[in-house]
Student: 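This is the structure, below, for whatever I ask next.
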Amino acid sequence: MSESIIGKKSFEFAICIVNFYKRFSSEKKEFILSRQILRSGTSIGANVREALNAQSKMDFIHKLSISQKECDETIYWLELLFATDYISKEEFENLRNQASEILKIIRSIIITTKNKTHNS
């Protein structure tokens, strides 16, 4: 995973999400939304890791597709937390920008892999 850009970025994002969860749940005493974002935000990297160990190109695409959905879900939770004044604009933009970058990379990898698979 150390050679994979998406692996590295998704792992670093998971660390940010875990730290966000620890701080958010202790400071805001909010446990439902914070667990949701913890689950989806850390699942991105876990599914990327599974994709990197896929047994076939279709398995690779499938695992990355799950990661893509989890990333989009994480952005949803961030938007909800920001819209309800749980997090600051700065924190929202920082985490959302990281998640959006990861989402773009994942989508690009999926499209490229599908194109290569269809052209083979």
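Just so it is clear, the structure is predicted and the values come from calculations on it, not from any experiment. Computed over heavy atoms, backbone and side chain alike; hydrogens, waters and symmetry mates excluded.
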Student: List the atom of Ser25, the atom of Ser34, and the distance in Å for their closest heavy-atom pair.
Tutor: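 Heavy-atom minimum between the residues: CB-OG, 4.0 Å.
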Student: Answer yes if Ile75 and Val18 sit in the same cluster of Ile, Leu, Val, Met, Phe, Trp and Tyr residues linked by side chain heavy atoms under 4.5 Å apart, and no otherwise.
Tutor: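 No: no chain of side-chain contacts under 4.5 Å links Ile75 to Val18.
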Student: Distance from Leu33 atom CG to Lys28 atom NZ, nearest 0.5 Å?
Tutor: 12.0 Å
Student: Is there side-chain contact between Glu90 and Asn94, with heavy atoms separated by less than 4.5 Å?
Tutor: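 The answer is no, as the side chains (C-beta and beyond) never meet within the 4.5 Å cut-off.
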Student: Anything under 30° is parallel, anything over 60° is perpendicular, the rest tilted; go ahead and classify Phe92 against Phe82.
Tutor: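 Correct class here is parallel.
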Student: Quick one: side-chain hydrogen bond (donor to acceptor under 3.5 Å, both in side chains) pairs with a partner in residues 73-82, sequence neighbours left out?
Tutor: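 Qualifying pairs, neighbours excluded: Arg39-Glu73, Ser40-Thr74, Glu73-Trp77.
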Student: Do Ile17 and Ile105 land in one hydrophobic cluster if side-chain heavy atoms of ILVMFWY residues count as linked below 4.5 Å?
Tutor: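 Yes; Ile105 is reachable from Ile17 via cluster members.
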Student: Please tell me whether Leu80 and Tyr21 are part of a single hydrophobic cluster in this structure, the criterion being side-chain heavy atoms less than 4.5 Å apart.
Tutor: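 Yes, because Leu80 and Tyr21 connect within a single hydrophobic cluster, where side-chain heavy atoms sit under 4.5 Å apart.
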Student: Is Thr117 reaching over with its side chain to a backbone N or O of Thr113, donor-acceptor style, under 3.5 angstrom?
Tutor: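 Looks like yes, one N/O pair under 3.5 Å.
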Student: Please report the interatomic distance OG1(Thr42) to CD1(Ile15), rounded to the nearest 0.5 Å.
Tutor: 11.5 Å
Student: Let me confirm one number: the CZ-OG distance from Arg49 to Ser67, rounded to the nearest 0.5 Å.
Tutor: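 So the CZ of Arg49 and the OG of Ser67 are separated by 12.0 Å.
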Student: For the residue pair Leu64 and Asn47, establish whether any side-chain heavy-atom pair is separated by less than 4.5 Å.
Tutor: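 Sidechains of Asn47 and Leu64: no contact.
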Student: Would a hydrophobic clustering, with Ile, Leu, Val, Met, Phe, Trp and Tyr connected at side-chain separations under 4.5 Å, put Met58 with Ile111?
Tutor: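 Result: no, two separate clusters.
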Student: So do the side chains of Phe20 and Ile87 get within less than 4.5 Å of each other, counting heavy atoms only?
Tutor: yes
Student: Search all heavy atoms of Ile44 against all heavy atoms of Cys71 and return the closest pair with its distance.
Tutor: CD1-CA, 3.5 Å
Student: In chain order, what residues pass the salt bridge (charged side-chain N to carboxylate O under 4.0 Å, His left out) check against Glu50, with sequence neighbours excluded?
Tutor: Lys63
Student: First locate atom CD1 of Ile110, then atom OG of Ser65, and finally report the distance between them rounded to the nearest 0.5 Å.
Tutor: 4.0 Å
Student: Could you give the distance from CG (Asn97) to CD1 (Ile102), rounded to the nearest 0.5 Å?
Tutor: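 The distance works out to 11.0 Å.
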Student: Could you tell me the separation between the CD atom of Glu30 and the CD1 atom of Ile37, rounded to the nearest 0.5 Å?
Tutor: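 CD1 of Ile37 is found 10.5 Å from CD of Glu30.
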Student: Strictly distance-based, threshold 3.5 Å: is any side-chain N or O of Asp72 a donor or acceptor partner for the main-chain N or O of Gln68?
Tutor: no
Student: Check for me, please, whether Leu95 and Leu103 land in the same ILVMFWY cluster - side-chain distances under 4.5 Å, paths through other members count.
Tutor: no
Student: What are the two closest non-hydrogen atoms of Leu78 and Arg96, and how far apart are they?
Tutor: CD1-N, 3.8 Å
Student: Does Ala54 have any side-chain contact (heavy atoms from CB on, under 4.5 Å) partners at least two apart in sequence or in another chain, and if so, which?
Tutor: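 With sequence neighbours excluded, Ala54 shows a side-chain contact (heavy atoms from CB on, under 4.5 Å) to Asp59, Phe60, given in chain and number order.
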Student: Would you sort out whether Leu81 and Phe24 count as a side chain to side chain contact (heavy atoms under 4.5 Å, CB included), showing the intermediate values?
Tutor: CA-CA 11 Å; Leu81 290 169; Phe24 186 68; 3.7 Å; yes
